[in-house]
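A short worksheet on the structure shown next.
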Amino acid sequence: MTAVDTPAAASALDVAAVRADFPILSRTVRDGKALVYLDSGATSQRPRQVLDAEREFLEQHNAAVHRGAHQLAEEATDAYESARARIAAFVGADPASLVFTKNATEGINLVAYAMSNAATAGPDAARFTLGPGDEIVVTELEHHANLVPWQELCRRTGATLRWFEVSPDGRLDLDSDPITERTKVVAFAHQSNVLGTVLPVAELVRRARAVGALTVLDACQSVPNRPVSFTGLDVDFAAFSGHKMLGPSGVGVLYGRQDLLAAMPPFLTGGSMIEMVRMEGSTYAPPPQRFEAGVPMTSQAVGLGAAVDYLSAIGMDAVEAHEAALTGRALDALAEVPGVRVVGPTDLVDRGGVVAFVVDGVHAHDVGQVLDDRGVAVRVGHHCAWPLHRRFGVAATVRASVHVYNTPAEIDALVDGVRAAQKFFGVA
Amino acid sequence: MTAVDTPAAASALDVAAVRADFPILSRTVRDGKALVYLDSGATSQRPRQVLDAEREFLEQHNAAVHRGAHQLAEEATDAYESARARIAAFVGADPASLVFTKNATEGINLVAYAMSNAATAGPDAARFTLGPGDEIVVTELEHHANLVPWQELCRRTGATLRWFEVSPDGRLDLDSDPITERTKVVAFAHQSNVLGTVLPVAELVRRARAVGALTVLDACQSVPNRPVSFTGLDVDFAAFSGHKMLGPSGVGVLYGRQDLLAAMPPFLTGGSMIEMVRMEGSTYAPPPQRFEAGVPMTSQAVGLGAAVDYLSAIGMDAVEAHEAALTGRALDALAEVPGVRVVGPTDLVDRGGVVAFVVDGVHAHDVGQVLDDRGVAVRVGHHCAWPLHRRFGVAATVRASVHVYNTPAEIDALVDGVRAAQKFFGVA
Amino acid sequence: MQLEQMYQEIILDHYRSPHGAGLRDPFDAESFQINPTCGDEITLRVRLDEGKVAEISHETLGCSISQASASVLTDLVVGRSVEESMRVLTAFQEMAQGRGQVEPDEDVLGDGVAFAGVARYPARVKCALLGWMAFKDAVVRVSGDVPGTAGGTSDGKDAT
Amino acid sequence: MQLEQMYQEIILDHYRSPHGAGLRDPFDAESFQINPTCGDEITLRVRLDEGKVAEISHETLGCSISQASASVLTDLVVGRSVEESMRVLTAFQEMAQGRGQVEPDEDVLGDGVAFAGVARYPARVKCALLGWMAFKDAVVRVSGDVPGTAGGTSDGKDAT
Ligand SMILES: Cc1ncc(COP(=O)(O)O)c(C=O)c1O
Ligand SMILES: Cc1ncc(COP(=O)(O)O)c(C=O)c1O
């Protein structure tokens with residue numbers, strides 16, 4: 001649980017040099033306080049390399065992709081597909097298995113809707129159909145984005161939702177396993193956006209496979225922060241968002257095993273995803289085009305490609321080590337503050353860089369306000385994981401989350417701020 | 001049909017000053033040829049005001065909107081909601097009736113999916129349910145984005161698709177009206193993206209209303225090019241895309257009458273659109289939040305707000321007049337070229353700035369290649385309106401489309417290029 | 001430090017010993033409201049008597065602002081006619097949503113003016129309004145309609 | 001002007017008088033392929049005889065490139081064994097998708113080398129391949145599998 005555990009690779013990340021790439025980090029807030037941005041778990045900031053890549057694209061190559069026969073359209077298409085290829089390499093996947101979406105939420109909804117669409121999509125799609133008696137398994141720690149779409153899929157199809165529970169130390173309770181022969185989908189986060197817990201993906205995939213269920217990985221809190229290979233993890237689907245990994249908002253990725261994507265009915269329909277359209281009916285293009293209806297988020301894909309290049313240049317091992325060091329420092333320091341309780345694992349084993357906590361006698365919103373007043377930006381509330389908060393008997397937590405640009409001094413500012421909040425509200 | 005019809009307001013648009021705002025227009029293509037961009041109907045270019053607004057947001061105010069309690073989150077939320085308000089004013093609507101989507105395609109799909117979701121969404125949503133015996137009416141000139149989602153909705157619900165036909169002169173054939181008491185939805189383009197034809201919205205709304213059907217307007221080719229008020233047009237829903245109106249890709253808008261949005265079940269589900277989440281089930285926020293699941297396209301909404309400011313500063317009357325002048329010039333000049341046939345109205349009555357044509361004896365792709373070789377960027381193919389092309393007995397057309405930055409000289413370059421193509425392929 | 005502008009002593013006092021805290025019987029209507037972003041909850045009961053607000057009691061699971069606000073609400077509306085209380089509510093809401101631009105009227109709002117500082121923090125406005133929305137909802141449940149207000153939660157922004 | 005590099009005389013000649021144009025009987029299999037971006041279509045028939053391509057006939061509704069390509073295809077594969085024809089197809093496809101980086105082998109491709117210029121225009125690659133994909137599909141329909149090729153249309157990028 002201490003900073004001593006930090007791999008040597010952490011030294012590979014020159015945080016001062018990194019910070020210089022992020023224009024927003026030099027601004028001040030609340031009457032001249034330096035910004036201490038500890039809310040990257042909600043959305044990260046963008047380095048100028050990403051901003052420049054998007055701008056260069058828009059000032060030189062912008063056109064509708066896959067649709068035009070002029071030079072700009074060629075260049076735009078190349079930039080878009082090159083981004084897909086680089087992002088695919090970054091997550092250990094083939095470019096043809098990557099679908100661009102607007103965010104991870106859309107990616108998960110895409111899978112859920114394709115499954116209900118399977119009911120009317122003919123024999124190829126039969127393996128995706130669900131009905132009464134079938135079950136979908138999630139976990140109690142899911143972000144709403146990987147919970148509500150499955151609730152709604154159950155509503156549409158008559159299937160039943162089941163879930164793994166969470167143990168008091170913030171780990172997945174593998175003994176609460178609801179997977180049975182009726183299970184058709186097992187959807188789970190790679191890392192909790194509240195607890196920081198990294199889930200045992202291999203074990204969950206093994207159990208899902210054993211009953212022939214499909215696996216859907218919510219990789220929003222893993223792809224930005226450590227080396228991830230979807231083919232290595234052997235999941236069937238995975239989703240993540242650009243804005244949490246130094247890339248633009250408005251772009252996300254759904255990964256799908258190619259044989260599954262090829263058999264899956266479309267979700268959004270319209271231009272660019274068709275094979276043949278008649279008034280009487282239409283047929284659809286092969287993946288990934290089948291799942292990219294309409295003019296896509298072109299410059300955003302280009303920006304995400306640049307973000308992946310940026311992260312790769314630092315090295316994802318170094319990113320992981322850097323965040324582990326900061327997390328260890330935060331866990332150690334918060335453990336020293338009486339009345340502060342971390343919700344989630346208190347050591348660094350299978351744990352990423354988000355730290356949620358409660359302060360006895362001071363509501364999370366009030367802690368956050370004191371922090372904000374000192375320039376420290378954290379998130380307060382249920383962080384779109386309301387059932388998890390209910391399970392821990394709290395309405396809201398304070399969550400600090402780190403990325404490549406954070407420093408040990410910023411962790412110290414957080415802890416100082418927590419003490420100041422206790423003092424302000426008279427509980428210490 | 002001639003440039004003489006041009007309203008005087010055209011002089012209000014200083015095209016040289018406008019062009020100076022668009023960095024991409026000063027680049028060259030194909031070995032030093034000046035770029036003549038006549039493909040704005042597919043996607044428009046962005047002025048630096050839009051690029052700057054997005055960058056300023058990202059360098060100063062970026063955070064997750066509606067989720068944080070720190071200063072950046074406040075500023076980001078304000079910027080996002082201010083953009084919504086300005087865009088709403090631009091299309092004559094209340095901010096609460098505007099939902100941000102990734103593009104128009106998503107907006108139309110949203111309505112179509114909400115309607116099939118209504119089947120399992122309880123009594124409030126009953127007015128949206130569809131089933132066998134119900135009918136959806138579209139037109140033969142629709143973009144695939146306003147056709148395929150309705151085909152798929154019919155597939156999901158058992159409803160039947162009917163359509164208005166198109167007359168030989170490229171107008172909607174109002175006598176082919178398939179609207180009956182069974183009609184539940186009438187979906188149609190404000191302006192065809194191929195013919196340029198502006199549809200008789202008031203008459204279609206009247207006929208739909210008479211049978212109690214909902215109206216869905218595809219405003220992709222009208223909002224960018226002329227003054228539009230959705231409340232004035234009295235449609236129930238409307239959709240458009242940012243990238244066609246000088247704004248970013250990855251952002252679009254769905255307009256919906258507030259009482260309808262309030263009763264409509266959600267489409268994409270996840271974070272930010274909920275009221276209360278339990279493992280057992282969830283309830284949803286009021287619109288527009290209900291329809292904006294996940295971290296939205298924040299900087300893109302800000303960019304679209306800047307695009308709307310930019311267009312408003314020029315004045316949409318001036319934009320319309322400018323485009324009419326260019327369209328008139330193109331129609332006149334093409335009429336002089338033997339062997340060239342315009343597909344669509346050949347006068348400026350109820351007609352916007354896209355001109356599609358065929359060249360006898362030279363395939364559209366080959367015409368496009370000759371134009372591209374001369375720096376003239378047009379689109380060739382069916383422009384995602386395949387049934388319309390079939391109706392006119394052609395596989396592909398050449399389409400030139402204009403926006404604020406185009407000049408009469410660029411129209412001349414187009415026409416010269418068409419003649420050159422005829423010469424190159426030995427048909428003139 | 002701007003904190004003191006927001007957390008004025010009056011607010012902290014109400015927060016430490018909130019008036020009306022603890023649910024009481026009998027009551028005419030009860031309203032349960034939540035703040036969907038932070039999960040805060042209030043259960044509020046109202047008892048009317050001959051067109052007047054006779055009693056308010058509430059159980060608030062929330063931050064200092066929402067607790068203090070429910071307390072101030074209790075002080076401000078108990079003993080008033082329903083119509084008057086709705087005028088106070090409107091004034092409070094206008095101040096809270098005024099982004100610090102609305103000058104509060106101390107004659108109408110009493111201790112409520114202390115919340116003027118909260119109005120400059122948009123993320124906290126919902127906290128300040130949580131109890132008030134519960135009060136309004138409870139009154140509607142008793143009387144079927146709310147005299148003297150227009151819209152309120154129906155703009156979609158402040159519904160809880 | 002780069003146009004001439006793309007529209008080489010050989011291509012224009014084939015376009016003006018395409019070989020194999022007009023559907024003929026008898027045939028062993030027919031394939032219908034479309035280019036979803038521009039709506040171009042080809043119907044292509046193939047007749048095999050003792051492991052050789054005996055006849056090809058086609059009706060092509062498309063641009064100069066797709067018509068000329070179908071014509072060159074006819075010249076190149078008629079009279080060859082199915083296996084040889086698939087080697088030619090692979091070579092043609094590699095060149096067409098090579099972005100101008102693949103040096104074509106004239107011994108294998110004959111007039112087909114004229115399409116090397118097309119490879120530099122990604123939007124036209126599908127035009128050049130339309131007839132070849134139809135040919136491959138038709139051969140599969142006769143023989144049930146395609147000797148000597150790997151993948152082809154299954155990469156999702158060039159399926160028509
Ligand atoms: C008339 C019309 N409708 C719909 C669309 C689809 O817009 P988007 O691809 O941005 O969703 C377009 C443009 O492609 C269009 O021109
Ligand atoms: C674990 C997890 N899943 C899903 C999401 C949803 O991502 P987005 O809102 O970008 O779709 C988030 C972030 O908000 C997350 O942290």
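Every value quoted in this text rests on a predicted model; they were computed, and no experiment measured them. Lettering follows sequence order; numbering is per chain, from 1.
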Is the number of heavy atoms from other residues, nucleotides or ligands under 6.0 Å of E103(C) CD greater than 12? no
Enclosure of E106(C) CD (heavy-atom neighbours >12, cutoff 6.0 Å): no
Separation between NE2 of H66(B) and OG1 of T37(C), rounded to the nearest 0.5 Å: 10.5 Å
Pick one of side chain, backbone, both or neither for D78(B), based on which atoms fall under 4.5 Å of a heavy atom in chain C. side chain
Show the atom names and distances, to 0.1 Å, of all donor-acceptor pairs under 3.5 Å that link a side chain in residues 109-121 of chain C to residues at least two apart or in another chain.
from: D111(C); atom 1: OD2; to: H14(C); atom 2: NE2; distance (Å): 2.9
from: R120(C); atom 1: NH2; to: Q5(C); atom 2: OE1; distance (Å): 2.5
from: Y121(C); atom 1: OH; to: Q2(C); atom 2: OE1; distance (Å): 3.3

For A69(B) versus A123(C), what's the shortest heavy-atom pair and its separation? CA-CB, 3.9 Å
Looking only at heavy atoms, the pair that brings P36(C) and E275(B) closest together is CB-O, 3.4 Å
